[in-house]
Amino acid sequence: MLPDLILMKKIILFSLYLIPVVLLIRFVANFSINVPIDDEWRLAPLFEKIAQGNVTFNDFWALHSNHRIVFPKIIISLLAFASRWNINYQLCLSIGLAGLTFIAAYKLSSMQAKNGENLWHLANILSCILVFSLVQHENWLWGFQLAWFLVNFCFVAAIYALVSNHKLLPNIKISVAAVFCFIASFSLAQGLLSWLVALPAVVALEGKKLHKKIRLILWMLLFVATCAVYSIDYHPSRKASIISLLNKPLVVIDYFLSLLGSPIVRLPGISAFVGLVIFASFGFFVWHFGKILSTDLGLGGDGQDAHPTIDLGLRHQALPWLSIGLFSVLSSLFITAGRAEFGAVQAIESSRYTTNSILLLIALVQLGQLFIGETKAFFKFNYKWIYRGVLSLLIGIIIVNSQKAIAQTSSALIYKQGAQDCLQLMNYLEPSEFFNKSPESCLRVLSKKTWLVREGAAILDKFGWRKFAKNVDFIAESQKVYGYLDKPQISDKSLAVNKKAAGWAVLPEQKQQPNIVLLSVGDKQSFFANAYVNLDSPDIAKILQSQLYNNARWAVDLSDRDWPIAQTEIKAWVYNPVDNQFVQLRGG
């Protein structure tokens with residue numbers, strides 16, 4: 001029976017580790033939209049140069065915002081040409097990199113003494129939940145953000161290479177770690193911090209005093225050389241004014257703490273308070289374990305153990321988590337320096353930054369376990385219960401946050417689907433004021449810089465990487481009812497004429513219903529505006545006797561600037577992809 005119980009326990013534990021991964025894969029499968037978003041459109045000219053054979057190193061070296069993303073550009077280019085730029089390949093790689101990051105973290109945790117197997121697994125299951133947490137939903141669904149996961153993996157892998165128990169020569173460990181830090185440095189700007197944060201792990205490598213000093217000097221030279229190379233022709237388009245930030249210390253502190261607290265709570269004020277608790281907790285662990293580390297990292301003696309009474313390698317068990325936590329803190333400061341001017345609300349609302357903050361939580365979970373392990377037996381029992389309670393609370397919070405992320409992503413899905421349709425119909429969209437500036441424009445979901453989308457779409461069309469609608473028939477009268485256009489309503493707001501167009505639209509006898517309605521004027525066979533088909537319509541579903549039509553209504557506000565000059569007749573159309581037709585809605 002005993003072997004059966006052991007096997008059962010292993011299956012249960014494996015399932016608990018696997019659940020966060022499965023849930024993430026299902027989340028991405030349900031909500032991913034195969035369409036480039038925002039910064040990804042800047043890569044289209046790079047792909048064109050590669051296809052034409054005139055790409056140069058400078059094209060990869062060129063700054064993207066304030067970052068040199070050489071390796072992400074190379075990776076995305078390879079995936080783009082292998083998949084005809086299927087964004088899902090990038091999303092899969094992000095999940096893969098997160099998986100490798102957790103494996104590296106799990107290996108680091110396996111090197112430390114287990115303070116009770118159940119408690120150890122609880123800490124690592126929570127670490128797994130954090131790594132694959134849906135709170136970073138923006139990054140999971142945006143292929144361009146694989147750079148964040150790449151940097152996290154490279155740094156954790158570098159730390160593991162330095163502190164692992166593998167019988168490799170210290171110089172080999174340093175060489176492997178340097179490669180990972182180099183990749184991180186040219187993936188995002190904060191990757192440069194990996195060199196500094198890994199310094200204690202470099203010094204802690206076994207060896208005599210002279211050897212340690214030589215390695216330290218070599219590591220610093222590599223860091224300086226990397227920074228020097230990085231700074232070549234460095235002219236950032238967005239410059240953060242440190243002086244102006246220093247004049248607003250409360251704004252900076254609020255942003256920084258909100259950034260640290262955002263994986264747990266995403267409410268103004270409360271997020272900053274939680275961030276303060278997280279930061280203070282990490283500060284305590286730095287102070288506590290720093291007392292043990294200080295003598296050894298001070299290069300005292302001839303490489304002998306400065307603390308023979310300390311449990312086997314306690315300093316080496318704490319060191320990687322202190323480094324990982326410090327990397328997260330310094331990276332958050334780096335982000336704060338560049339983004340604090342936008343206010344703490346931006347730190348809370350931008351889920352893409354949580355990928356960085358999550359590393360600090362993982363470090364705290366592991367440091368807490370080590371703290372309990374070296375606590376006196378008299379206090380250990382109580383600390384274990386407190387630790388279990390905190391970890392259970394974190395798991396509950398993450399589950400709640402994941403549900404919120406699913407709800408938020410679900411509500412935004414119709415707009416991304418509409419943007420995908422918008423891209424497909426690009427050849428029929430006018431360069432109108434509405435498409436360029438209106439918040440309801442489906443084109444602006446792809447990028448606020450709509451000219452980038454149009455240029456990128458032309459490149460994709462040239463490659464045949466996307467199917468763009470062409471030679472579409474315009475059907476003014478159809479035997480089937482595709483919907484109705486209500487008479488546009490005109491109102492006078494602040495002396496500006498505003499029109500509201502509304503109605504309902506369906507694709508009869510088709511499972512896939514329209515995401516957008518397109519508006520034209522006069523006899524033009526092109527469109528100056530769009531509306532999302534996402535409003536409740538139980539009456540339409542009842543009349544047409546199908547639940548597919550529960551959200552068939554649409555409405556859009558059009559200002560006098562959106563409305564084409566000297567045109568009064570408005571028409572609404574729905575695209576039927578099966579028959580490659582624009583079908584006019586009745587009424588109007």
Side-chain angles (χ1 to χ4, degrees), residues 68 70-71 104-105 107-108 111-112 151-232 286-287 289-331 334 359 363 370:
R68 294 206 186 277
V70 178
F71 288 100
K107 290 287 188 181
L108 286 171
M111 291 165 51
Q112 63 197 44
V151 169
N152 280 2
F153 164 67
C154 286
F155 174 69
V156 176
I159 295 298
Y160 175 69
L162 290 169
V163 305
S164 67
N165 295 325
H166 294 298
K167 294 181 180 179
L168 298 174
L169 293 174
N171 290 345
I172 295 178
K173 290 184 176 182
I174 286 180
S175 298
V176 173
V179 170
F180 281 121
C181 289
F182 182 81
I183 295 172
S185 299
F186 292 95
S187 295
L188 284 176
Q190 51 262 47
L192 290 167
L193 299 171
S194 61
W195 296 92
L196 293 175
V197 182
L199 262 176
V202 172
V203 178
L205 285 168
E206 64 274 10
K208 294 184 178 181
K209 181 178 179 180
L210 177 61
H211 294 157
K212 291 191 174 202
K213 286 185 176 180
I214 292 174
R215 293 178 200 133
L216 175 61
I217 293 171
L218 175 62
W219 188 263
M220 289 304 298
L221 287 175
L222 288 172
F223 168 62
V224 172
T226 302
C227 290
V229 173
Y230 199 96
S231 64
I232 296 175
V286 170
W287 169 80
F289 290 106
K291 292 187 298 182
I292 301 172
L293 288 163
S294 58
T295 303
D296 184 61
L297 298 187
L299 302 175
D302 283 325
Q304 302 297 319
D305 193 342
H307 296 275
T309 60
I310 297 299
D311 186 23
L312 179 62
L314 177 59
R315 64 177 181 270
H316 292 292
Q317 296 175 28
L319 182 58
W321 305 116
L322 291 173
S323 294
I324 290 171
L326 187 58
F327 176 74
S328 179
V329 170
L330 293 181
S331 296
F334 193 92
L359 286 181
L370 287 174

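All residue numbers refer to positions in the sequence shown, counting from 1.
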Next item on the list: For K213 and V203, run side-chain contact (heavy atoms from CB on, under 4.5 Å): C-alpha distance rounded to whole Å, both residues' side-chain angles, the deciding distance at 0.1 Å, then the answer.
Entry: CA-CA 8 Å; K213 286 185 176 180; V203 178; over 6 Å; no

Requested in this report: Test F327 against F155 for ring pair (Phe, Tyr, Trp, His ring centres under 6.0 Å), laying out the working first.
Outcome: CA-CA 9 Å; F327 176 74; F155 174 69; 4.2 Å; yes

side-chain contact (heavy atoms from CB on, under 4.5 Å) between F180 and F153, intermediate numbers included: CA-CA 9 Å; F180 281 121; F153 164 67; 4.0 Å; yes

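The structure places CG of L205 at 11.0 Å from CG of L169, a figure rounded to the nearest 0.5 Å. From I324, atom CD1 reaches atom OH of Y160 across 12.5 Å, with rounding to the nearest 0.5 Å. How far NZ of K212 is from CD1 of I217: 14.5 Å, rounded to the nearest 0.5 Å. Atom OG of S164 and atom CG of L162 lie 8.0 Å apart (nearest 0.5 Å). A distance of 8.5 Å separates CG of L222 from OG of S175, quoted to the nearest 0.5 Å. Taking CZ of F223 as the reference point, atom CG of L199 lies at 8.5 Å (rounded to 0.5 Å).
In this structure the side chain of Q317 never reaches within 4.5 angstrom of the side chain of L108, judged on heavy atoms. The shortest distance between side-chain heavy atoms of V229 and F186 falls below 4.5 Å. By the 4.5 Å heavy-atom criterion applied to side chains, W219 and C181 are counted as neighbours. Considering only heavy atoms from C-beta on, M111 comes within 4.5 Å of V163 through its side chain. Within the 4.5 Å cutoff, side-chain heavy atoms of I174 are placed close to those of R215.
For residues 223-232, the set of pairs meeting the side chain to side chain donor-acceptor pair (under 3.5 Å) definition, not counting sequence neighbours, is empty.
In this structure, the side-chain hydrogen bond (donor to acceptor under 3.5 Å, both in side chains) partners of S185, at least two apart in sequence or on a different chain, are W195. Not counting sequence neighbours, the partners of L330 by the side-chain contact (heavy atoms from CB on, under 4.5 Å) test are L193, V197, L326, L333.
Here the side chain of K107 pairs no donor or acceptor atom with the backbone of A157 at under 3.5 angstrom. For S328 (side chain) and G325 (main-chain N/O), no donor-acceptor pair under 3.5 Å exists by modelled atom type.
Across all non-hydrogen atoms, the minimal contact from L196 to P200 is O-CD, 4.0 Å.
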